[in-house]
There are 2 protein chains.
Amino acid sequence: MIQTYHKSALRKGRVVPRTVDHAERRAHIAEALVRVAGREGLHAVTMRAVAAEAGVSLRLVQYYFQTKAQLMLGALEHLEQQSHERWAARLAEAPDPDSPRGYIEAFLAEALPTDEQSRIFHLVGTSYAVLAMTDKELAEQPFIAGVDRLEGQLAGALEQALSAGELSPDLDVPAEAALLVTLSHGLGTSVLIGQRSAKAAIAVLGKHLDRLFGESG
Amino acid sequence: MIQTYHKSALRKGRVVPRTVDHAERRAHIAEALVRVAGREGLHAVTMRAVAAEAGVSLRLVQYYFQTKAQLMLGALEHLEQQSHERWAARLAEAPDPDSPRGYIEAFLAEALPTDEQSRIFHLVGTSYAVLAMTDKELAEQPFIAGVDRLEGQLAGALEQALSAGELSPDLDVPAEAALLVTLSHGLGTSVLIGQRSAKAAIAVLGKHLDRLFGESG
DNA sequence: ACTCTTATGATACAGACGTACCATAAGAGT
DNA sequence: ACTCTTATGGTACGTCTGTATCATAAGAGT
């Protein structure tokens with residue numbers, strides 16, 4: 001799994017880096033970090049642990065990310081982008097694309113830790129959030145942007161449902177989007193600390209959506 | 001501030017510990033931990049840092065809490081108990097004790113990081129929550145119990161409001177209590193990472209309560 | 001007055017951590 | 001063929017961490 005380096009150089013005959021694809025390698029290491037953090041917590045993430053998990057030498061981690069701070073930041077960006085793709089994939093297979101409620105429910109359920117992958121995602125994401133509370137440089141660029149984007153996307157879906165007449169016309173869309181995103185984050189946390197099952201969290205969310213969309217149906 | 005040890009022995013002439021009040025000293029150290037964690041994050045909490053913040057020697061921290069794990073646990077318990085008292089004080093001065101809505105709103109607003117003390121409380125609490133996600137022994141006893149107690153207390157208030165006819169009679173009280181607690185936790189987090197102001201968070205919460213209590217008035 | 005236990009100080013130790021340094025294999029450009 | 005740059009391995013260094021050890025001051029019980 002390790003020594004596959006100059007393979008990628010043959011694949012793309014250009015003169016770009018040297019022999020290996022830097023982006024690919026950085027992604028590989030970043031994913032190793034996420035696995036370690038998901039298993040033992042973000043506080044257990046060390047350059048040596050990440051190197052071991054990725055199956056590379058400590059020196060390599062240093063080479064691709066010069067410092068630990070940059071490694072942490074790079075992994076966060078990778079996680080952001082990965083979640084972007086994950087959401088797109090999930091929403092593409094939404095049950096009924098004509099139903100805004102289905103879209104919104106799928107959207108929010110994705111944020112809940114239902115399977116192993118989303119569990120890791122929520123755990124690591126929340127860990128980063130806690131770091132961002134005391135590390136302002138970490139917070140500003142990559143973090144808030146991601147959450148804001150989600151909230152905006154959801155607000156768009158609500159707007160659409162409102163146009164379709166599925167929602168009460170005097171709904172405050174931005175406030176409701178904020179409520180839904182923060183609610184699903186809070187629910188996810190309660191699941192992760194073992195206070196509630198994922199099923200129970202989905203039920204709470206579902207009841208609120210029932211209320212929003214009118215309990216007919 | 002440091003060498004006040006045998007003063008407490010004179011105050012209470014009994015033969016209980018030896019010269020100093022252990023519980024008082026442990027509380028002092030636990031509060032130092034909370035201050036450090038609130039300022040620099042829970043990951044910056046070290047036995048030496050706590051000792052320095054408390055103005056005692058490293059040995060003393062070792063003496064009163066034998067190990068770091070016990071120090072962390074003890075501080076969490078202290079935080080729990082402190083929050084208990086804080087809530088009681090806040091609710092005692094609720095604006096209108098006859099209005100369940102006022103009670104509930106005060107209850108939930110207390111969970112939001114509006115002033116420095118509640119900011120620290122939420123930050124440190126969330127940091128512990130993240131730890132509890134990967135450290136099962138930490139989670140079970142002190143953590144979930146605290147949140148469950150809050151949720152139960154809130155459910156009681158909702159039940160009371162329901163009896164007073166202020167809520168829709170087909171409200172699912174436990175689900176709503178869960179929603180409100182997780183929502184206020186999620187809102188608090190979004191405030192702490194700087195995504196939203198405390199005022200905006202309170203507004204989102206207020207709008208939802210308006211909906212619950214019927215928007216008349 | 002004398003001992004005993006509690007309370008506190010100082011410091012030492014082994015391990016882990018982030019980072020820096022030195023070496024070298026090997027493709028790229030000439 | 002020769003050099004130059006990139007990519008990788010190995011390892012050493014200084015610092016910080018949690019914990020353990022040795023020593024001792026001083027109130028408590030007799």
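By convention in this document, chain letters (A, B, ...) are assigned in the order of the sequence lines, proteins followed by strands, and residues within each chain are numbered from 1.
The distance between atom CD of B/Q62 and atom P of C/dT6, rounded to the nearest whole Å, is 18 Å. At whole-Å resolution of the value, CE in A/M47 and C1' in D/dC13 are 17 Å apart. For the pair B/H43 NE2 and C/dC17 C1', the computed distance is 15 Å after rounding to whole Å. The distance between atom CG of B/D21 and atom P of D/dG27, rounded to the nearest whole Å, is 17 Å. Following rounding to the nearest Å, B/F65 (CZ) and D/dT19 (P) show an atom-to-atom distance of 13 Å. One interatomic measurement links the two molecules: CG of A/L58 to P of C/dC22, which rounds to 17 Å at whole-angstrom precision. When the C1' atom of D/dG18 is taken as reference, atom CZ of B/R59 falls 13 Å away, rounded to whole Å.
No side-chain heavy atom of B/T182 sits less than 4.5 Å from a side-chain heavy atom of A/T189. The side-chain heavy atoms of A/R211 and B/L171, taken from C-beta on, include a pair separated by under 4.5 Å.
Regarding contacts with the backbone of C/dG18, a side-chain N or O of A/T46 is found under 4.0 angstrom from either OP1 or OP2. The side chain of B/T67 places no N or O atom within less than 4.0 Å of a non-bridging phosphate oxygen (OP1 or OP2) of D/dG18. For the OP1/OP2 pair of C/dT8 and a distance below 4.0 Å, the side-chain nitrogens and oxygens of B/Y64 include at least one atom meeting the criterion. For C/dT8, one of the phosphate oxygens OP1 or OP2 lies less than 4.0 angstrom from a side-chain nitrogen or oxygen of B/R25. Between B/H22 and the phosphate of C/dA7, there is a side-chain N or O to OP1/OP2 separation shorter than 4.0 Å. The shortest distance between the side-chain N/O atoms of B/S57 and the OP1/OP2 oxygens of C/dA10 is not below 4.0 Å. Of the side-chain N and O atoms in A/Y63, one or more sit less than 4.0 angstrom from OP1 or OP2 of D/dA7.
Counting non-hydrogen atoms under 4.0 angstrom, A/Q66 reaches nothing in the nucleic acid.
For B/K68, the side-chain atoms get nearest to D/dG18 when compared with the rest of D/dG18, D/dA7, C/dG18.
For the residue pair A/H84 / A/R149, a side-chain donor-acceptor distance below 3.5 Å is found, with atom types taken as modelled. B/E85 and B/Q81 share a side-chain donor-acceptor pair at under 3.5 Å.
Residues A/R48 and A/L60 each lie close to DNA chain D; by heavy-atom proximity, the contact nearer the 5' end of the strand is made by A/L60.
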With ring-ring contact (aromatic ring centres under 6.0 Å, His included) as the criterion, how do A/H78 and A/H28 come out once you've worked through the C-alpha distance, each side chain's angles and the decisive distance to 0.1 Å? CA-CA 10 Å; A/H78 183 74; A/H28 181 217; over 10 Å; no
Does the pair B/Q66 and B/Q62 meet the rule for a side-chain hydrogen bond (donor to acceptor under 3.5 Å, both in side chains), with working shown? CA-CA 5 Å; B/Q66 283 69 41; B/Q62 281 189 279; over 6 Å; no
Once pairs are restricted to Watson-Crick or G-U wobble with both distances under 3.5 Å, how does DNA chain C read as a dot-bracket string, [ ] for crossings and | for other-strand pairs? ||||||||||||||||||||||||||||||
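Using cut-offs of 30° and 60° on the angle between ring planes, the pair B/H122 and B/H185 is parallel.
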